[in-house]
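The structure under discussion appears below in the form of structure tokens.
Letters go in sequence order (proteins before strands), and every chain restarts at 1.
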There are 2 protein chains.
Amino acid sequence: MSSEITIGTLARSAGVGVETVRYYQRRGLLATAGTKKGAFRVYGDSELARLRFIRRAQALGFKLDEIASLLALDEETDRESARALARAKIADVEERIRQLQSVHSALQELVSCCEHTEAPAPCPILRTLGGEAN
Amino acid sequence: MSSEITIGTLARSAGVGVETVRYYQRRGLLATAGTKKGAFRVYGDSELARLRFIRRAQALGFKLDEIASLLALDEETDRESARALARAKIADVEERIRQLQSVHSALQELVSCCEHTEAPAPCPILRTLGGEAN
DNA sequence: CTAGACCCTGTACCAAAGTACGGAGTCAAC
DNA sequence: GTTGACTCCGTACTTTGGTACAGGGTCTAG
């Protein structure tokens with residue numbers, strides 16, 4: 001049933017490097033396989049699923065510590081907690097978007113000011129960064 | 001004219017820590033004052049201006065390496081370069097906003113799916129992260 | 001039976017932007 | 001004439017998510 005796979009194959013199947021798998025093990029996100037076949041540890045489907053879970057969660061902006069919390073949840077009984085974590089992450093993402101948008105418009109302003117200033121004189125961008133009034 | 005200030009005052013005036021000033025000096029963003037008054041190095045207005053420049057640029061999302069490039073520009077002759085750097089940063093910020101927006105909508109989808117699933121069964125968020133189809 | 005590919009463990013290193021600490025010297029005030 | 005705040009210089013640690021290497025052992029094919 002559960003395919004017997006070494007760490008290299010496991011890593012490749014999830015699209016990560018062997019060192020990354022080991023790193024997740026060190027971080028406690030993934031168990032180090034208990035069973036060995038000869039001298040090599042052997043992994044199965046559950047480890048692969050967990051590894052993919054980590055990657056998907058990461059793509060959604062969760063950091064490894066948060067993923068550890070997600071992984072500790074039970075599909076059956078922890079829906080509230082899962083939703084709470086997801087909502088917190090949404091708020092987080094929204095905040096970062098707001099920040100970036102404000103930076104974006106400040107930069108836009110500088111550039112368009114620079115473009116519309118015909119004076120051959122000092123660069124408005126550098127002058128603004130340099131100071132006087134703010 | 002140029003106020004004679006020690007590093008602590010300089011740092012406080014720019015809203016950073018002394019260690020941060022020293023760090024910028026190590027990074028070559030800020031010169032270590034040559035003049036000393038007794039045993040202590042003495043800074044003036046130009047260092048304060050430079051420090052503020054760094055902070056403003058940082059608030060606009062430039063990293064220290066990029067700020068080094070900005071600081072190397074001449075207000076009079078390097079307008080083109082300044083604009084180019086600002087435009088590159090704008091593109092950068094836009095890209096990050098797009099990324100975050102796509103993450104945001106994926107998260108929204110998960111949460112609203114979870115909210116509208118009345119089955120007492122498994123949590124849709126955790127199940128989606130856990131896999132099968134994607 | 002040997003070469004090459006793979007695995008094991010442990011440790012060190014990378015970026016980025018600082019922060020903290022140790023041990024010494026010095027300055028100003030009371 | 002000493003206390004307390006400040007400075008100097010150098011080094012090490014922090015966070016996050018890995019990556020790289022050293023020095024073995026082992027497995028598989030030809």
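- Computed from coordinates, the B:Tyr24 OH to C:dA17 P distance equals 8 Å when rounded to whole Å.
- Using a cut-off of 4.0 Å between Lys/Arg side-chain N and Asp/Glu carboxylate O, B:Arg98 and B:Glu95 are scored as salt-bridged.
- Nearest-nucleotide assignment on DNA chain D puts the 5′-proximal partner with B:Arg12, out of B:Arg12 and B:Thr32.
- Note that CZ of B:Arg56 and CG of B:Leu70 are 13.5 Å apart. Values are rounded to the nearest 0.5 Å.
- Residue B:Gln58 has its side chain nearest to C:dA17 when only D:dG17, D:dC9, C:dA17 are considered.
- Using a 4.0 Å cut-off, some side-chain N or O of B:Arg55 falls inside it from OP1 or OP2 of C:dG18.
- One finds no side-chain N or O of A:Thr6 lying less than 4.0 angstrom from the OP1 or OP2 phosphate oxygen of C:dC6.
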Practice task
Under the side chain to side chain contact (heavy atoms under 4.5 Å, CB included) rule, what do A:Thr32 and A:Arg41 come out as? Steps first, then yes or no, please.
Solution key: CA-CA 8 Å; A:Thr32 304; A:Arg41 295 178 188 286; 3.6 Å; yes

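- Nearest to the side-chain atoms of A:Thr20 among the listed nucleotides D:dT7, D:dG18, C:dT19 stands D:dG18.
- Distance CG (B:Asp65) to C1' (C:dA15): 10 Å, rounded to an integer number of Å.
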Problem - From CA spacing to verdict: side-chain hydrogen bond (donor to acceptor under 3.5 Å, both in side chains), B:Gln58, B:Arg55 - result: CA-CA 5 Å; B:Gln58 227 175 4; B:Arg55 292 264 116 186; 3.3 Å; yes

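- Residues A:Leu64 and A:Tyr24 form a side-chain contact, since some pair of their non-hydrogen atoms from C-beta on lies under 4.5 Å apart.
- At whole-Å resolution of the value, CZ in A:Phe62 and C1' in D:dT16 are 17 Å apart.
- Note on B:Arg22: a base of the nucleic acid sits closer than 4.0 angstrom, heavy atoms only.
- For the pair B:Leu64 CG and C:dA17 P, the interatomic distance rounds to 4 Å; values are reported in whole Å.
- To the nearest angstrom, C1' of C:dG10 lies 14 Å from CD of A:Gln25.
- Rounded to whole angstrom, the span from the OH atom of B:Tyr23 across to the C1' atom of D:dC9 amounts to 18 Å.
- Place A:Glu19 and B:Gly17 on DNA chain C by their nearest nucleotides, and A:Glu19 ends up nearer the 5' end.
- Rounded to an integer number of Å, the gap from CZ of A:Phe40 to C1' of D:dT28 is 10 Å.
- If you measure from atom NZ of A:Lys37 to atom P of C:dC8, you get 14 Å, rounded to the nearest angstrom.
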